[in-house]
Enquirer: 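My questions all concern the structure below.
These numbers come from a predicted model, not from an experiment.
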Amino acid sequence: MKNDRFLRALRREPVDCTPVWIMRQAGRYLPEYRATRARAGSFLALAKTPELACEVTLQPLERFELDAAILFSDILTVPDAMGLGLYFVEGEGPKFERPVRSAADVARLAVPDIGAELGYVTDAVSLIRRELDGRVPLIGFSGSPWTLACYMVEGGSSDNFARIKAMMYDDPATLHRLLDVVTQAVIAYLAAQREAGAQALQIFDTWGGVLAPAMYREFSLRYLTRIAQELPRGEGGNRTPLILFGKGNAPHLEALADSGAEGIGVDWSVTLEEARRRTGGRVALQGNLDPAVLFASPERIRSEAAAVLQSYGPGPGHVFNLGHGITPDVKPDHLKALVDAVHELSRTAP
């Protein structure tokens, strides 16, 4: 690796400066991404064409001194491969033609054949890894079982998650069966990405924060922990690190640190100082600048980056990131100001 500080930080080893990458760093805020998507014709065509997925994965690395690349894809590829019929409606986001609403619907689900149904993802991983040529590590990812189940049951995005919460309270056995098969699929999917060349893996538990504490432990944390412990990732220095990110996960940091993952992604609702104290140095921490800071001036972006670095404090184990994904209308120069500030402010003397 020409630049391995991201992997070193996840192993809580010393680094010359804090590594930084950004969730959704390949996306709509970049004009070159919008041009490639227009050429593809649709988001799904872009995601399902390995050469184009590779192109947009590499685009932010040409602009910014980022310390990791993340596969361009979508968390809903897994339920799509399970036969639910993913499609996108302009202005409304993702939807499924065949949502999962009953025990009979769940019984029809099976772990997809990764090579046959999701080979375009593993082909993209292999291509990106080859094109990176050791420049920075490549991150593969999946949605969490709970978050994927939310989309599968609701049929798309939701304001109140009424359908899946009704299933959770009235028919928990069916929901657990759904989460079990999705967990098996996520394990197989991430294992295939690792086999194809991903050097780190992240799970996005976007909707974990909508659950009350006891429900979170039963319907989200339980399955995150299972993935962390069952996913084959190697041993010792060759172990592929796993990061668990969850929006609204601050109440559960101690339990997440005990899951078996190497890193915990933290949103902006808790300071890194508190997160580090509560996790006791057992895991690396990733985050956690409020994405809205990138709408501020470059000078303010720099001062807020300094505050995040100061909150984490000295010592290894920090990967700088936002507390959620970058928003589409951020100016690219503002992200450059952030990346440059993180490296400059955290650099140790030679």
Side-chain angles (χ1 to χ4, degrees), residues 6-13 19 23 68 70-71 75 78 111 114 137-149 176 179-195 198-209 211 213-267 270 272 274-288 312 315-319 321:
F6 167 72
L7 296 176
R8 291 178 61 84
L10 287 176
R11 295 194 295 263
R12 288 171 284 142
E13 297 172 356
M23 289 183 280
I70 183 166
L71 163 71
I75 63 170
V78 169
V111 176
I114 303 300
L138 174 60
I139 305 167
F141 72 91
S142 172
S144 73
W146 165 257
T147 292
L148 295 181
H176 277 303
L179 290 166
D180 175 70
V181 70
V182 173
T183 297
Q184 294 177 56
V186 167
I187 290 172
Y189 184 49
L190 290 176
Q193 290 185 45
R194 177 178 179 268
E195 185 68 22
Q199 293 147 291
L201 300 167
Q202 176 158 312
I203 296 175
F204 289 86
D205 190 27
T206 309
W207 300 126
L211 289 168
M215 297 296 101
Y216 176 85
R217 290 191 294 272
E218 181 175 354
F219 293 98
S220 182
L221 177 64
R222 170 176 170 177
Y223 295 96
L224 292 172
T225 300
R226 180 175 159 190
I227 294 167
Q229 295 178 358
E230 294 183 11
L231 177 64
R233 294 188 281 122
E235 301 297 335
N238 294 321
R239 186 169 175 81
T240 302
L242 176 67
I243 305 164
L244 303 180
F245 168 76
K247 190 177 178 184
N249 66 0
H252 312 288
L253 294 175
E254 294 89 345
L256 287 164
D258 290 334
S259 67
E262 283 71 29
I264 304 300
V266 182
D267 74 8
V270 61
L272 289 182
E274 179 184 339
R276 193 176 185 185
R277 174 179 55 78
R278 287 170 52 194
T279 55
R282 301 193 299 282
V283 291
L285 295 177
Q286 180 176 277
N288 69 336
Y312 185 83
H318 180 209
V319 174
N321 207 313

Enquirer: For the residue pair Gly140 and Gln193, what are the closest heavy atoms and their distance?
Expert: CA-OE1, 3.0 Å

Enquirer: Indicate yes or no: at least one non-hydrogen side-chain atom of Pro316 is less than 4.5 angstrom from one of Arg11.
Expert: no

Enquirer: Considering only heavy atoms from C-beta outward, does the side chain of Pro145 approach that of Ile227 to under 4.5 Å?
Expert: yes

Enquirer: Do you know which two heavy atoms are closest between Leu190 and Phe141, and how far apart they sit?
Expert: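 What the structure gives for the nearest pair is CD2-C, 3.6 Å.
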
Enquirer: Kindly compute the distance separating CD1 (Ile203) from CG (Leu231), expressed to the nearest 0.5 Å.
Expert: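 Between atom CD1 of Ile203 and atom CG of Leu231 there are 7.5 Å.
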
Enquirer: Does atom CD of Gln229 have more than 12 heavy-atom neighbours from other groups under 6.0 Å away?
Expert: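 Atom CD in Gln229 is crowded, with more than 12 foreign heavy atoms closer than 6.0 Å.
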
Enquirer: Rounded to the nearest 0.5 Å, how far apart are CG of Leu7 and CD1 of Ile139?
Expert: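 Nearest 0.5 Å value for the CG-CD1 distance: 8.5 Å.
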
Enquirer: Write down the atom of Pro19, the atom of Ala9, and the distance for their closest heavy-atom approach.
Expert: CG-CB, 3.6 Å

Enquirer: Does His318 reach the main-chain N or O of Arg12 with its side chain, forming a donor-acceptor pair under 3.5 Å?
Expert: no

Enquirer: Could you tell me whether a side-chain N or O of Arg276 sits under 3.5 Å from a main-chain N or O of Leu285, the two making a donor and an acceptor?
Expert: no

Enquirer: Measure the spacing between CD of Gln199 and CG of Asn238 and express it to the nearest 0.5 Å.
Expert: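 Result: 11.5 Å between the selected atoms.
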
Enquirer: Among all residues two or more places apart in sequence or in another chain, which pass the side chain to side chain contact (heavy atoms under 4.5 Å, CB included) test with Thr240?
Expert: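 Expected list: Arg194, Leu201, Arg233.
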
Enquirer: Run the side chain to side chain contact (heavy atoms under 4.5 Å, CB included) test against Asn321 and tell me which residues pass, sequence neighbours left out.
Expert: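 In terms of side chain to side chain contact (heavy atoms under 4.5 Å, CB included), with neighbours along the sequence ignored, Asn321 is linked to Trp21, Ile22, Met23, Gln286.
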
Enquirer: Sequence neighbours left out, what passes salt bridge (charged side-chain N to carboxylate O under 4.0 Å, His left out) with Arg8? Give chain and number order.
Expert: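 If we apply the salt bridge (charged side-chain N to carboxylate O under 4.0 Å, His left out) test to Arg8, skipping adjacent residues, the hits are Glu13.
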
Enquirer: Considering non-hydrogen atoms only, spot the tightest contact between Leu148 and Gly143 and give its length.
Expert: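 Nearest heavy atoms, Leu148 then Gly143: CD1-O, 3.8 Å.
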
Enquirer: Enter the distance from Asn288:CG to Ile264:CD1 here, rounded to the nearest 0.5 Å.
Expert: 13.0 Å

Enquirer: Does Trp146 use its side chain to pair, donor to acceptor, with the backbone of Trp207 at less than 3.5 Å?
Expert: yes

Enquirer: Asp180: which residues meet the side chain to side chain contact (heavy atoms under 4.5 Å, CB included) condition with it, sequence neighbours left out?
Expert: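 If we apply the side chain to side chain contact (heavy atoms under 4.5 Å, CB included) test to Asp180, skipping adjacent residues, the hits are Gln184, Arg226.
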
Enquirer: Just verifying a value: how many Å separate Leu138 CG and Leu71 CG, rounded to the nearest 0.5 Å?
Expert: 6.5 Å

Enquirer: A quick test of your reading: do over 12 heavy atoms of other residues, nucleotides or ligands sit less than 6.0 Å from CD of Glu195?
Expert: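 No, the 6.0 Å shell around CD holds no more than 12 heavy atoms from other groups.
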
Enquirer: With rounding to the nearest 0.5 angstrom, report the CD to CD1 distance, Gln202 to Ile70.
Expert: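 Here the rounded value is 5.5 Å.
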
Enquirer: Could you go through residues 216-223 and list every donor-acceptor pair under 3.5 Å that involves a side-chain atom there, pairing it with any protein atom two or more places apart or in another chain?
Expert:
unit_1	atom_1	unit_2	atom_2	d
Glu218	OE2	His176	NE2	2.8
Ser220	OG	Asp205	OD2	2.7
Tyr223	OH	His176	ND1	2.6

Enquirer: What verdict does the side chain to side chain contact (heavy atoms under 4.5 Å, CB included) test give for Val186 and Ser142, after you've listed the backbone C-alpha separation in whole Å, the side-chain angles of each residue and the deciding distance to 0.1 Å?
Expert: CA-CA 7 Å; Val186 167; Ser142 172; 3.5 Å; yes

Enquirer: Where do Ala261 and Val283 come nearest, in terms of heavy atoms and distance?
Expert: O-CG1, 3.4 Å

Enquirer: Thr206: what forms a side chain to side chain contact (heavy atoms under 4.5 Å, CB included) with it, not counting sequence neighbours?
Expert: Thr147, Phe204, His324

Enquirer: Does anything in residues 240-249 form a salt bridge (charged side-chain N to carboxylate O under 4.0 Å, His left out)? List the pairs, not counting sequence neighbours.
Expert: none

Enquirer: What residues, two or more places apart in sequence or in another chain, satisfy salt bridge (charged side-chain N to carboxylate O under 4.0 Å, His left out) together with Arg239?
Expert: Glu262

Enquirer: Search all heavy atoms of Ile187 against all heavy atoms of Pro232 and return the closest pair with its distance.
Expert: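 It is CG2-CD, 4.5 Å.
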
